[in-house]
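These notes are about the structure you will find just below.
In this text the structure is predicted, and so the values were computed from the model without any measurement. All chains are named by letter (A, B, ...) in the order of the sequence lines, taking the proteins before the strands, and each is independently numbered beginning at 1.
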Amino acid sequence: MLKTQYISRKQELPLNGDSTGLFLQIIISIAVFIFAITLSGVLSINTMLYNWNQSILGSLTVQIMPVNDINKEKATAQTLAYQEKAIEFLQNVDGIIKVTPLNDNQLKNLIQPWLGDGVNISNLPIPRIIDVKLAPDADLNFVELAQKLSIASPQASLDNHKLWLSKLIDFADGLKLIAMTVLLLVIAITSGAIFYTTRMSLGLHRNIIEILHTMGAKDTYVAQQYGKRMAFLGFCGGILGLLFAIPAIFFIGSLATQIEGGIISEASLGFSDWGIIFSLPLFSMFIAMYTAYHTVKRTLKKML
Amino acid sequence: MGEDNNIIEMQNVGIRYDQGPEVLSDIKLSLKKGSFHFLTGKSGAGKTSLLSMMYLAQKPSRGNMSVFGRNLNFTNRDELASLRRRIGVVFQDFRLINHLSAFDNVALPLRVCGMNEREIRKRVSELLKWVELDAHMQDSPDTLSGGEKQRIAIARAVINRPELLLADEPTGNVDNFIATKLMKLFVELNKLGTTVVIATHSEKLINDFCYPRLHLQNRSLQIINPAGSTILRGLADA
Ligand SMILES: Nc1ncnc2c1ncn2[C@@H]1O[C@H](COP(=O)(O)OP(=O)(O)OP(=O)(O)O)[C@@H](O)[C@H]1O
Ligand SMILES: [Mg+2]
């Protein structure tokens, strides 16, 4: 007789034979798939938000539209009056540290390239521009600021691009919140599935567990067997889900870069972002193991 | 009351299932270290119920009980598990795990307490040889005869050198020849210091081996000494 024959040891609990194994693996794959895509969304929104916030910081321009009047002198005077009102308003806003209207020369330099030499801008109804410096820690609500500014000085308007960006930031923030909720839900649903299948399995193998108990097995002995099994399912499911998620992430990314304006192209995933995404199978392994382990400990306490 | 000398102490112990009537009432018992008892009583008298309290599968529904000097009212789950490791049990229905080999079944109590595989291999194959089952090491209990299963169940019960051995009709399904042989194994173990309780219906065994009987009748326990004299409720300590 071969001495080595009985070295191989079978698990006391035949968990590999549980029909719920395949089901769980599929659930976990799908969960990791959704999780990876949503997470890549959250991470790229983060990069995007960072870039946008950077460009929104620091400074701001306010435009005063020229007043139309047949009397040119009167029109200029009125425009300048509106500018004064705008300046007065801006100087009293928290977070604004310096308000400088551009003088005629500066305006001319700005516009010259567009109009060519030899044009006297004082004869043209061109908008006046105010340069606004923001405090580094300024937390301004641009939409609100724009509204108040237009009340204080009807001809004044906030730089369009920044206003638009700040609305986009709010939108992205909201999107991020929803995505985070999705992430939590995915974790909850997966843990729930593991919880119920583990409980089912405990009922199924009750006889064996009772025998193990009589032999002096502690709850952790059983819990560890479940933990190991679920860790395996969690990891394999995670790998499978990731395998499908990565091409999907690239596909969505390539669609995004085709959007005009280059706004979304700032949404690239960094090295550490990919690191997080690639570690998802470890994450799903841990969640599966932890959930199963504690389900067993809690259930056995009530069951036996 | 030499607590240290008593493996099991029961005082006013009663057990019932769910909300049913008490199966056993006011059981008083001191099981001395190194003693050997038969446990008798009609079918349904509560032999398995009494044993299941002793191997800590059931808690008494009332009364006080100590095992190895530990009061069960103050013992948590993990401590109970540690106490169970010192008890070997042969179940009436064997309770072997069919998807495991005979070897793995016998190895169970050792694995549960984390012994290393080399030591396990040595001990289990030695014992299986001793019960003449080394040829069936790799077989599933499913494929073995009743007597072979019984020997595996007994091997599993004694592999961890238990201080207390509880056997529920261990000779129920075998002929007299094997029954006597198995009994001799229990006697051997008892001589080595193991406290033994054997539930049985067999008058022959009881007569062949002169050990005191724990007799269950009308929900209560009597001790009957081999001579025939009956001492009610509990072993006299004197
Ligand atoms: N799990 C249970 N649930 C409800 N009642 C039970 C349970 N186990 C035993 N009983 C009841 O307790 C009583 C004693 O049963 P027990 O199994 O202890 O008897 P026994 O002496 O071992 O009988 P046998 O000689 O047939 O094995 C019986 O009336 C039985 O119906
Ligand atoms: Mg019985």
Side-chain angles (χ1 to χ4, degrees), chain A residues 1-22 198-229 231-233 292-304, chain B residues 51-52 54-59 76-91 93-114 117-118 120-122 124-125 128-129 134-140 153 156-157 159-160 162 166 168:
Chain A
M1 197 187 62
L2 282 172
K3 267 261 181 229
T4 50
Q5 229 182 334
Y6 50 79
I7 290 175
S8 79
R9 166 189 176 182
K10 267 193 177 170
Q11 291 265 296
E12 287 108 24
L13 290 161
L15 303 181
N16 299 357
D18 275 6
S19 56
T20 50
L22 183 67
T198 302
R199 284 242 301 230
M200 238 167 68
S201 171
L202 284 172
L204 203 65
H205 300 306
R206 192 190 168 118
N207 284 343
I208 297 175
I209 293 169
E210 276 178 3
I211 294 173
L212 290 175
H213 261 249
T214 321
M215 307 287 120
K218 297 186 175 164
D219 291 345
T220 42
Y221 185 83
V222 177
Q224 274 166 2
Q225 299 205 7
Y226 273 92
K228 263 188 214 160
R229 171 69 184 158
F232 174 77
L233 290 180
Y293 187 87
H294 286 279
T295 305
V296 172
K297 289 208 82 169
R298 293 188 59 176
T299 312
L300 286 186
K301 220 176 247 179
K302 286 181 209 150
M303 195 167 102
L304 298 174
Chain B
L51 287 178
S52 72
M54 291 180 172
Y55 57 73
L56 307 174
Q58 307 250 342
K59 281 204 166 170
N76 68 33
R77 283 177 74 77
D78 279 351
E79 287 166 341
L80 282 179
S82 303
L83 295 180
R84 287 192 191 104
R85 291 177 187 182
R86 300 160 69 180
I87 304 171
V89 188
V90 183
F91 295 99
D93 50 0
F94 309 142
R95 300 210 195 161
L96 299 171
I97 300 176
N98 281 327
H99 73 269
L100 295 181
S101 65
F103 179 93
D104 284 336
N105 267 287
V106 176
L108 219 51
L110 303 180
R111 284 188 173 140
V112 152
C113 57
E117 282 297 314
R118 231 147 70 95
I120 289 177
R121 231 173 293 148
K122 194 174 134 249
V124 174
S125 34
L128 281 175
K129 211 166 284 169
D134 43 342
H136 293 291
M137 245 181 232
Q138 288 310 304
D139 295 345
S140 153
R156 184 182 65 183
I159 186 76
N160 211 8
L166 303 170
D168 203 348

If I compare all heavy atoms of [X] with all of [Y], which pair ends up nearest, and what's the gap?
X	Y	answer
Ala217(A)	Ala81(B)	O-CB, 3.9 Å
Tyr221(A)	Arg111(B)	CE1-O, 3.6 Å
Ile97(B)	Ile208(A)	CD1-CG2, 3.6 Å

Could you tell me the separation between the [atom1] atom of [X] and the [atom2] atom of [Y], rounded to the nearest 0.5 Å?
X	Y	atom1	atom2	result
Asn105(B)	Ile211(A)	CG	CD1	7.5 Å
Asp104(B)	Glu12(A)	CG	CD	7.5 Å
Ile87(B)	Thr214(A)	CD1	OG1	10.0 Å

Considering only heavy atoms from C-beta outward, does the side chain of Ser82(B) approach that of Lys218(A) to under 4.5 Å?
->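 They are in contact (side-chain heavy atoms under 4.5 Å apart), so the answer is yes.
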With sequence neighbours excluded, what pairs up with His99(B) under the ring-ring contact (aromatic ring centres under 6.0 Å, His included) test?
->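 Once residues adjacent in sequence are excluded, His99(B) has no partner under the ring-ring contact (aromatic ring centres under 6.0 Å, His included) criterion.
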Residues that Tyr293(A) engages under ring-ring contact (aromatic ring centres under 6.0 Å, His included), provided they are two or more places apart |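 Here no residue qualifies.
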Residue pair Lys301(A), Arg77(B): steps toward the side-chain contact (heavy atoms from CB on, under 4.5 Å) verdict | CA-CA 8 Å; Lys301(A) 220 176 247 179; Arg77(B) 283 177 74 77; 3.6 Å; yes
Residue pair Arg156(B), Met215(A): steps toward the side-chain contact (heavy atoms from CB on, under 4.5 Å) verdict | CA-CA 9 Å; Arg156(B) 184 182 65 183; Met215(A) 307 287 120; 3.5 Å; yes
